[in-house]
Amino acid sequence: MSDVAARATAGFRQRYGAEPAGRWAAPGRVNLIGEHTDYNDGFVLPFALPLRTVVAAAVRDDGRWSVWSELDDEPVEFGPAEADEPGRVDGWAAYVAGVVWALRAAGHAVPGARLAIASDVPVGSGLSSSAAIEAAVLAALLDLGGLDLPAGRWPRLAQRAENDYVGAPTGIMDQSAVIRGRSGHALFLDCRTEAIEQIPFDLDAAGLAVLVIDSRAPHRHADGEYAARRKSCERAAKALGVAALRDVAAADLDAALARLDDSETRRRVRHVVTEDQRVLDTVELLRAGRVRDIGPLLTASHASMRDDFEITVPEIDTAVEAALAAGAYGARMTGGGFGGCVLALVDADAADAVAAAVAAAYADRGFTAPGTLTVRPAGGVARLD
Ligand code: ADP
Ligand code: MG
């Protein structure tokens with residue numbers, strides 16, 4: 001049993017004095033490319049990580065739910081009344097109550113349960129520990145209840161838990177990646193149609209690795225800036241007479257920009273339109289097995305986020321520059337911005353040297369040391385045993 005599954009199991013035994021009926025695991029995710037394209041009805045290309053959140057669980061006969069997480073000493077208990085009123089359960093347990101709520105709201109008879117949660121997904125770093133906990137809890141409750149729900153419907157349910165119960169406005173990307181992700185593949189997601197396609201992304205075969213660097217940058221006004229970018233994109237789409245910026249083709253970009261009268265809006269539009277095209281170009285290269293060649297697209301994505309969308313911070317730019325100088329094929333910030341993580345495509349045997357170069361650049365600038373980990377595309381949510 002993996003260490004994280006063993007921790008969930010030990011937590012279950014200790015809290016509830018019984019054996020769990022099973023263990024369910026869901027991964028974190030990282031977005032390879034396609035940033036701020038989701039709410040513009042565009043394209044994203046995330047992949048599931050080897051890091052997992054594990055839920056050990058068993059049915060509880062009185063129709064109530066108790067949850068414990070190793071992040072918190074105190075277990076939380078709630079019943080149908082609390083689950084049926086978004087916001088009644090707050091704090092981290094809202095992610096669990098939200099899944100119960102979303103299932104019940106969709107008409108499913110959710111069994112009462114005891115749950116114990118352990119996780120290797122860093123919390124709040126932009127690697128989607130939130131979608132991981134939602135997906136693992138969803139899988140556990142569906143299985144315990146003998147409920148049969150096609151996998152294609154899981155992401156929406158988990159998203160509803162986060163949007164409508166927890167109250168965090170996220171798109172469908174995170175839940176899709178952690179639920180539908182497949183080992184050795186990235187998930188090409190059309191955020192307008194929600195169509196998905198598995199794109200081969202076999203780093204091992206290419207002798208490559210993705211280095212994820214946690215910038216440890218303090219989040220600076222991220223929520224307000226995010227809302228401002230969204231508004232700016234909506235206004236621009238309206239001015240251009242399209243439903244969303246996804247409808248501006250890369251070939252028509254210059255003509256579209258000429259119709260916008262302030263330079264900030266032009267830069268925001270240019271980021272979104274060119275970023276959608278970079279996702280499509282990345283997908284084409286990966287389909288052709290040209291993994292190394294996506295590097296320049298990653299780096300161009302970063303430049304676009306830094307100069308046009310203006311969502312990077314000094315720690316993030318430092319990590320990207322240091323990774324590139326140390327031989328990375330490409331590097332970019334991943335996630336919404338103003339902190340979070342950077343990813344770099346590197347030769348597998350150069351990953352440690354690139355990580356060391358980033359750490360040295362951080363030390364030079366007096367930044368808090370970054371976290372680094374090497375990842376490969378892993379499978380999505382699954383029952384362990
Ligand atoms: P991210 O998804 O990038 O890690 P979020 O802010 O979206 O960051 O989600 C983090 C929140 O999800 C945590 O603050 C906590 O409420 C909840 N969460 C995630 N993983 C766990 C866990 N293992 N145990 C308890 N709560 C968790
Ligand atoms: Mg999240």
Side-chain angles (χ1 to χ4, degrees), residues 2-12 15 23-31 35 38-39 44 46 48-49 51-57 65-78 86-87 89-100 114-140 155 158-179 181 212-219 222-223 226 333-343 371 373 375 381:
S2 71
D3 188 46
V4 56
R7 296 201 311 271
T9 305
F12 190 98
R15 288 288 148 194
R23 279 156 282 265
W24 292 261
R29 67 93 190 96
V30 71
N31 189 23
E35 226 62 76
D38 57 347
Y39 56 81
V44 294
L49 297 176
L51 303 171
R52 253 134 236 278
T53 294
V54 175
V55 175
W65 297 272
S66 30
V67 268
W68 170 85
S69 163
E70 63 182 349
L71 293 186
D72 187 2
D73 279 343
E74 290 302 309
V76 175
E77 187 175 324
F78 58 91
V89 177
D90 58 7
W92 64 267
Y95 291 82
V96 178
V99 172
V100 172
R114 294 192 169 86
L115 309 148
I117 302 168
S119 181
D120 284 340
V121 184
V123 170
S125 291
L127 299 180
S128 212
S129 68
S130 58
I133 188 172
E134 290 152 16
V137 168
L138 180 59
Q159 185 198 12
R160 284 201 73 198
E162 187 152 348
N163 290 172
D164 299 341
Y165 196 98
V166 177
T170 59
I172 193 77
M173 169 169 71
D174 298 355
Q175 291 81 6
S176 298
V178 312
I179 290 167
V212 172
I213 302 154
D214 184 343
S215 72
R216 301 263 162 83
H219 277 263
D223 292 350
Y226 176 86
M333 180 179 76
T334 178
F338 305 98
C341 292
V342 161
L343 63 79
L373 64 136
V375 300
V381 63

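For the numbers below, each heavy atom of this structure counts, side chains included, while hydrogens, waters and symmetry mates do not. Whatever order the structure lists ligands and atoms in, that order sets their numbers, starting from 1. This one's a predicted model, so the numbers in the text were calculated from it and none came from an experiment.
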- Task: Could you tell me whether the Mg ion (ligand 2) has an N, O or S atom of S128 under 2.8 Å away?
- Result: no
- Query: Between the side chain of Q159 and the main-chain N/O of T170, is any donor-acceptor distance below 3.5 Å?
  - Reply: yes
- Note on the structure: If we number the atoms of ligand 1 from 1 as shown, the ones under 4.0 Å from a heavy atom of L127 are 3 (O)
- Aromatic ring pairing W65/F78, orientation class (parallel under 30°, perpendicular over 60°, tilted between): parallel
- Can V30 and L49 be said to form a side chain to side chain contact (heavy atoms under 4.5 Å, CB included), step by step? CA-CA 7 Å; V30 71; L49 297 176; 3.8 Å; yes
- Closest to atom 22 (C) of ligand 1 among protein heavy atoms sits L71 CD1, 3.5 Å
- Message: Taking G335's backbone N and O only, do any of them form a donor-acceptor pair with E35's side chain (distance below 3.5 Å, no angle check)?
- Response: yes
- With a cut-off of 4.0 Å, which atoms of ligand 1 are near a heavy atom of I133? 21 (C), 22 (C), 24 (N), 25 (C), 26 (N), 27 (C)
- Item | For F12 against R114, the heavy-atom pair lying closest together | CE1-O, 3.4 Å
- Nearest protein heavy atom to atom 6 (O) of ligand 1, by residue and atom, and its distance? Y95 OH, 4.4 Å
- State the atoms of ligand 1, each with its element, that fall below the 4.0 Å cut-off from a heavy-atom position in V123. 4 (O), 10 (C), 13 (C), 14 (O), 20 (N)
- N/O donor-acceptor pair under 3.5 Å between S125 side chain and L127 backbone: no
- Task: Record the part of S69 in heavy-atom contact with ligand 1 below 4.0 Å; permitted values are side chain, backbone, both and neither.
- Result: side chain
- Query: Any idea which of S125, A8, S130, G91 brings a heavy atom closest to atom 9 (O) of ligand 1?
  - Reply: S130
- Which pair of heavy atoms, one from A8 and one from A56, lies closest together, and at what distance? O-CB, 3.8 Å
- Query: Would you say D72 has more than 12 foreign heavy atoms packed within less than 6.0 Å of its CG?
  - Reply: yes
- Between G124 and ligand 1, is there a nitrogen or oxygen pair with a distance under 3.5 Å? yes
- Distance-minimising heavy-atom pair for A139 and V381: CB-CG2, 3.8 Å
- Which of the atoms of ligand 1 are close to S119, meaning less than 4.0 Å from one of its heavy atoms? 23 (N)
- Message: Suppose I only count heavy atoms of S129 and a 4.0 Å limit; which atoms of ligand 1 are within that range?
- Response: 1 (P), 2 (O), 4 (O), 9 (O), 10 (C), 19 (C), 20 (N)
- Short list, please: which atoms of ligand 1 are under 4.0 Å from a heavy atom of G126? 3 (O)
- Item | Atoms of ligand 1 close to I117 [distance to a heavy atom under 4.0 angstrom, numbered from 1] | 23 (N)
- Name the closest protein heavy atom to atom 26 (N) of ligand 1, giving the residue it belongs to and the distance to 0.1 Å. W92 CB, 3.3 Å
